[in-house]
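Below is one structure, written out as structure tokens; the observations come after it.
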Amino acid sequence: MQLSEQEVVRREALAKMRDLGIDPYPAERFEVNAYATEIKENFDAEKGNYQEVSLAGRIMMKRIMGKASFAELQDSSGRIQIYVNRDEICEGEDKTLYNQVFKKLSDIGDFIGIKGFVFLTRTGEISVHVKEFRFLSKSLRPLPIVRRVENAETGEVEIFDAFTDPELRYRQRYVDLVVNPEVRQIFMKRSKVINSMRSYFDEQGWMEVETPILQPIHGGAAARPFETHHNTLDMPLYLRIANELYLKRLIVGGFDGVYEFGKMFRNEGMDRTHNPEFTSMEIYVAYKDYDWMMGMVEECIERVCIAVTGGTDVTVGENAISFKGPYRRLSMFDSIKEYTGIDVSEMDEDGLRQVCKDLHIETDNSMGKGKLIDEIFGEKVEDHLIQPTYITDYPIEMTPLAKKHRSKEGLVERFELFVNGKEIANAYSELNDPIDQRERFEDQLKLAERGDDEAMALDEDFLRALEYGMPPTSGLGIGIDRLTMMLTNQQSIQEVLFFPQMKAENKG
RNA sequence: GAUCUCGUAGCUCAGCUGGCAGAGCAUCUGACUUUUAAUCAGAGGGUCCUGGGUUCAAAUCCCAGCGAGAUCACCA
């Protein structure tokens, strides 16, 4: 391995520390009793609090001035300045700890532990006066140095030498997280999205479950799966593209409400909004319908939004969005009428094909009636749905797992929630009529024969479960990554995944 | 999958119609006991993504490949 000059210097420092009898990777624990941000928020010079603090973290900047120095320590909460005085950390004649270990051998990125008291410097900065200094872990690679300086006149934070190269940031997310605090914030928010949603469900008495990721039949959605092979069973298995059919089996089994947060895997293209593995949340609640589900989603999303952002108003790109319920409800046909002026509700396949032609929407022969309607919707309506909007009552052809509409012929009881022109939730009154379900699967097979490669596979065991009887149930799926993107105002899915999928790096 | 843009020091980037490889920060040596992008004096550091071609001469022009981003197509 070819080492850079700075890496060589750090390895030499490591060796020198060992020569001085200092373990660069000590095993003993270091007890921490305070955090940088907490101190900066609560220190009061008059009260004289924080007089015996113990902090640990990385050195992120050093300002050496002879016999005294300042440095910045970064812990999990943020950064705080520390003041190190030679004669205070080295009481006797031996000044090695200061002159060698602190000044020369410790580098930016190294972990240290300090004990001391909090004070205000002459310029008024809250700092920790170090009385005791312990080396905790050596860093052998130089971190990018990002400097944030508050402009005294404008109050704006200027960033110098930002670490922004997306390739480096994603491949070395650990570095990104160390030097870019706003990145850390996004992931803390992501965690809050999941936790607040989970606690809401738990409060309602619904149960978190886990279902198979390795599935013999990839059901529940229309997508290309990743295929693998089990050696002992000598059979093909697929990484799940959805967990819907398993969760419904659990409703058949007698649970009233089950939900799962989990990774799904789709062997398809990647771009700003698609990663081969992504996180979805699916929930099924017995004795409910999609109408009830809309109310539940409003309550849930509003609560998640407050937990994550502190309020119900969010800025996404150019748009100010309010997640305060209730959300607008609009049937798919009405939405198309609203944005194109065309009533497609009574049209047959040829009529729809003509409408697509008139609107300059490309079609092909594999497209059935439902698909054509969806194309029109996708082209002409979706982008306009900025504020949270439920689109309801989808054509039956596209939705083989949803119950037929109670009053509207040819439609199913389904809604999708759109925000900022993007779909973030999908829900049905679940189809529980096993005979209807078998016919729908068979219709899917016919679509597949016509060349629709997104058509769904038939799952005999799932049909068997339905034949034993499933209560009326409403189900919902939410794309957690996309919801997080929205609540953190990120334009790329890679910004809300710790480790987005990347091609192989071809040099070490 | 298609098109466009990008790849130079640890990081951020400059490098013009081809002519000795550059800056700031970081690093190293020295000075400095409350600094604030600390300062001051000095020094070192390069597979210019990879491979080929054109040329007296290529970081620069051409071709191919690898990687990344953006836009479009498909999907959530």
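Throughout, a chain's letter reflects where its sequence line sits, starting with A, and its residues are numbered from 1.
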Nearest-Å distance for atom pair [atom1]/[atom2], residues [X] and [N]:
| X | N | atom1 | atom2 | answer |
| --- | --- | --- | --- | --- |
| Arg148(A) | C25(B) | CZ | P | 19 Å |
| Gln172(A) | A68(B) | CD | P | 14 Å |
| Asn85(A) | U35(B) | CG | C1' | 13 Å |
| Ile108(A) | A37(B) | CD1 | P | 15 Å |
| Gln491(A) | G69(B) | CD | P | 15 Å |
| Gln501(A) | G67(B) | CD | C1' | 14 Å |

Practice prompt. State whether the number of non-hydrogen atoms from other residues, nucleotides or ligands found under 6.0 Å of Glu318(A) atom CD is greater than 12.
Written response: no
Practice prompt. Assess whether atom NZ of Lys62(A) is packed by more than 12 heavy atoms of other residues, nucleotides or ligands within 6.0 Å.
Written response: yes
Any [X] side-chain nitrogen or oxygen under 4.0 Å from OP1 or OP2 of [N]:
| X | N | result |
| --- | --- | --- |
| Arg171(A) | A68(B) | yes |
| Arg11(A) | U27(B) | no |
| Arg169(A) | A68(B) | no |
| Gln494(A) | G69(B) | yes |
| Arg63(A) | U34(B) | no |

What distance, rounded to whole Å, do you find between the two [atom1] atoms, one in [N] and one in [M]?
| N | M | atom1 | value |
| --- | --- | --- | --- |
| A43(B) | A9(B) | C1' | 15 Å |
| C11(B) | G7(B) | P | 15 Å |
| C62(B) | C16(B) | P | 14 Å |

Which is true for [X] with a 4.0 Å heavy-atom rule: it touches a base, it touches only sugar-phosphate, or it touches nothing?
| X | value |
| --- | --- |
| Ile424(A) | nothing |
| Asn275(A) | base |
| Arg272(A) | sugar-phosphate |
| Asp87(A) | base |

Could you tell me the Watson-Crick or G-U partner of [N], where both distances fall under 3.5 Å? Say none if there is no partner.
| N | answer |
| --- | --- |
| A64(B) | U50(B) |
| A26(B) | none |
| U71(B) | A2(B) |
| A38(B) | none |

Discussion item. Quick check on salt bridge (charged side-chain N to carboxylate O under 4.0 Å, His left out): which of Glu260(A), Glu210(A), Glu227(A) does Arg240(A) satisfy it with?
Written reply: Glu260(A)
Worksheet item: Can Glu52(A) and Lys115(A) be counted as an ion pair, charged N to O under 4.0 angstrom?
Response: no
Discussion item. Within the 4.0 Å limit for protein heavy atoms, which parts of nucleotides 8-13 of chain B are touched? Write it as a string from 5' to 3', B for base, S for sugar-phosphate only, - for none.
Written reply: --BSS-
Worksheet item: For RNA chain B, whose closest nucleotide is more 5', that of Val149(A) or that of Gly66(A)?
Response: Gly66(A)
Fill in: Which residue lies more 5' along RNA chain B, comparing Lys104(A) with Phe70(A) via nearest heavy atoms
Lys104(A)
Worksheet item: Hey, is the side chain of Thr121(A) pairing donor to acceptor with the base of U35(B) inside 3.5 Å?
Response: yes
Fill in: Pair of N/O donor and acceptor under 3.5 Å linking U33(B) base with Ser69(A) side chain
no
Discussion item. Rounded at 0.5 Å granularity, tell me how far CD in Glu277(A) sits from CZ in Phe499(A).
Written reply: 11.5 Å
Every protein N/O within reach of nucleotides 1-7 of chain B N/O, cut-off under 3.5 Å:
none

